[in-house]
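Take a look at the structure set out below.
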Amino acid sequence: MNIIGIVEQIVKKCCEGNEPGHDFNHVLRVRDLALEISKSVECDQVLVTLLALFHDINDHKLPNKASLKDVLETAHIVSPLKEKILYIVPFLSFSKYPTLPDDFPIEGKIVSDADRLDALGAVGIARAFSYGGSQNRSFEETLKHFDEKLLILDQYLYLDISKEMAKERMDFLREFYNRFKKESSLKKPH
Ligand code: ADP
Ligand code: NI
C-alpha cells in the first residue's frame, strides 16, 4: 500500500467513535474538496492530501487523544513533510484561528477552505445538528452556532474558487435558517 493508503487506514481508526459530524467521511469530503480547490492553483497535492487527512487529529472536541506527532510517526512521515504538517495543522481550527497568517502555506489555506466548506450547505447543517446533539444541545442552541459562525463563514475563505463554491451552500444555509425560525417560533404560554 502507498503512503496515502496507509495514512487513510490510520486516520480512519482514529475517527472511530467520533460523532457523525466529525467521522472519517468528513475527512474524506475535506480531502476531495481540497483536491478540487487545489486544481486552481500551483501547489503540492500530496501535502494537500496529507493535511486534509490529518486535519482533525488532536481536535479537542474529539474523543481520540493521540497526538499528531505520534500519528505521523506511526505513518512513517519524515522530515521535511513532518515539520510542515506539524506547523500547519494546529492553525486549521476556526475557533482558535479564524484568520490565518498572511504568509501561511497555500496548501494550508486550501485545506482550511475545504474544512470550512464542509461546515456549509446540507452537509454543514447535518454536521452542526449532529455535533450539537452529541453535546445534548437543543436545536435552538445549535442555531446560535449558525449566527456565531456558519452564516459568516464565507468571509473566512481564502481562495476565489472556494468563495465561488461556497455561494450555493451559503444560500441553502440561509434558507434553512429562515425556514427553521419560521417553523419553530413558539407561542408564549398564556
Ligand atoms: P473548529 O474549526 O472551530 O475547531 P470545527 O471546524 O472542528 O470547529 O467544527 C466542525 C463542525 O462542528 C462544524 O460543522 C460545526 O458546525 C460543528 N460545530 C462546532 N461547534 C459547534 C457548536 N457549538 N454547535 C453546533 N455545531 C458545532
Ligand atoms: Ni474538520
Side-chain angles (χ1 to χ4, degrees), residues 7-8 10-38 47-68 71 85 87-101 104 107-159 162 165-166 168-177 180-181 184:
V7 171
E8 279 179 14
I10 293 170
V11 173
K12 188 175 180 189
K13 198 102 194 108
C14 290
C15 289
E16 278 173 11
N18 291 359
E19 52 82 27
H22 287 86
D23 64 6
F24 187 55
N25 283 336
H26 161 62
V27 174
L28 294 178
R29 286 192 304 269
V30 170
R31 180 202 57 191
D32 291 349
L33 285 164
L35 286 174
E36 178 72 30
I37 297 165
S38 76
L47 181 56
V48 167
T49 304
L50 290 174
L51 287 170
L53 292 173
F54 286 123
H55 87 275
D56 269 342
I57 300 282
N58 266 173
D59 187 319
H60 64 278
K61 291 193 294 304
L62 304 176
N64 192 297
K65 294 297 170 236
S67 79
L68 178 58
V71 176
I85 295 168
Y87 169 69
I88 295 171
V89 166
F91 282 104
L92 303 178
S93 159
F94 181 79
S95 45
K96 284 199 209 137
Y97 302 101
T99 52
L100 298 167
F104 201 61
E107 291 83 1
K109 288 181 176 167
I110 290 170
V111 175
S112 179
D113 279 5
D115 195 25
R116 289 168 187 187
L117 281 171
D118 202 53
L120 303 175
V123 167
I125 294 167
R127 293 185 66 220
F129 284 99
S130 172
Y131 182 74
S134 77
Q135 304 297 304
N136 282 326
R137 299 206 178 117
S138 66
F139 288 163
E140 286 71 20
E141 282 173 304
T142 294
L143 227 55
K144 280 194 205 130
H145 181 67
F146 281 60
D147 294 314
E148 290 160 5
K149 174 176 165 186
L150 302 183
L151 291 167
I152 54 164
L153 204 49
D154 58 336
Q155 295 165 34
Y156 295 88
L157 297 170
Y158 285 89
L159 288 102
S162 313
M165 287 160 80
E168 229 189 342
R169 291 173 187 241
M170 287 300 295
D171 286 345
F172 191 73
L173 208 65
R174 280 188 281 264
E175 192 189 334
F176 172 85
Y177 179 90
F180 192 103
K181 288 264 165 168
S184 71

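Counting starts at 1 for both ligands and their atoms, following the listed order.
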Within the 4.0 Å heavy-atom shell around [X], which atoms of ligand 1 are there?
X    : result
K149 : 3 (O), 5 (P), 6 (O), 8 (O), 9 (O)
R137 : 22 (C), 23 (N), 24 (N)
S95  : 1 (P), 3 (O), 4 (O)

Looking at ligand 1, does [X] have a heavy atom less than 4.0 Å from it?
X    : answer
K144 : no
S93  : yes
H22  : yes

Could an N or O of ligand 1 be found under 3.5 Å from any N or O of [X], whether backbone or side chain?
X    : value
R127 : yes
D56  : no
F94  : yes
T142 : no

Should R116 and D113 be marked as a salt bridge (Lys or Arg N to Asp or Glu O under 4.0 Å) after you check the CA-CA gap, both sets of side-chain angles, and the distance that decides it? CA-CA 5 Å; R116 289 168 187 187; D113 279 5; 5.7 Å; no
Measure the acute angle between the ring planes of F129 and F180, then classify it against the limits of 30° and 60° as parallel, tilted or perpendicular.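 Parallel: the ring planes of F129 and F180 meet at under 30°.
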Should the pair Y131 and H22 be assigned to parallel (<30°), tilted (30 to 60°) or perpendicular (>60°) ring geometry?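 Judged by the thresholds at 30° and 60°, the geometry between Y131 and H22 is perpendicular.
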If every non-hydrogen atom of L153 is compared with every non-hydrogen atom of A119, which pair is closest and at what distance? CD2-CB, 3.8 Å
Could you tell me whether the side chain of [X] and the main chain of [Y] form a donor-acceptor pair under 3.5 Å?
X    : Y    : value
D23  : H26  : yes
Y158 : L100 : yes
D118 : G124 : no
Q135 : R137 : no
S38  : L35  : yes

Check this for me, if you would: do D147 and K144 make a salt bridge, where the nitrogen-to-carboxylate-oxygen distance has to be below 4.0 angstrom? no
Check the surroundings of atom OH in Y97: do more than 12 heavy atoms from other residues, nucleotides or ligands lie under 6.0 Å from it?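 Yes, enclosed.
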Among all protein heavy atoms, pick the one closest to atom 25 (C) of ligand 1 and tell me residue, atom and distance.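 Checking every protein heavy atom, the shortest distance to atom 25 (C) of ligand 1 gives A128 O, 3.4 Å.
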Nearest option to atom 16 (O) of ligand 1, as decided by whichever heavy atom of H145, R116, E148 sits closest: H145
Record the part of K61 in heavy-atom contact with ligand 1 below 4.0 Å; permitted values are side chain, backbone, both and neither.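 For K61, the contact with ligand 1 is made by the side chain alone.
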What protein N/O/S atoms sit under 2.8 Å from the Ni ion (ligand 2), by chain and number?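 Metal shell, protein only: H26 NE2, H55 NE2, D56 OD2, D115 OD1.
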Could you tell me whether the side chain of P101 reaches within less than 4.5 Å of the side chain of F91, counting heavy atoms only?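 With C-beta onward as the side chain, the pair touches.
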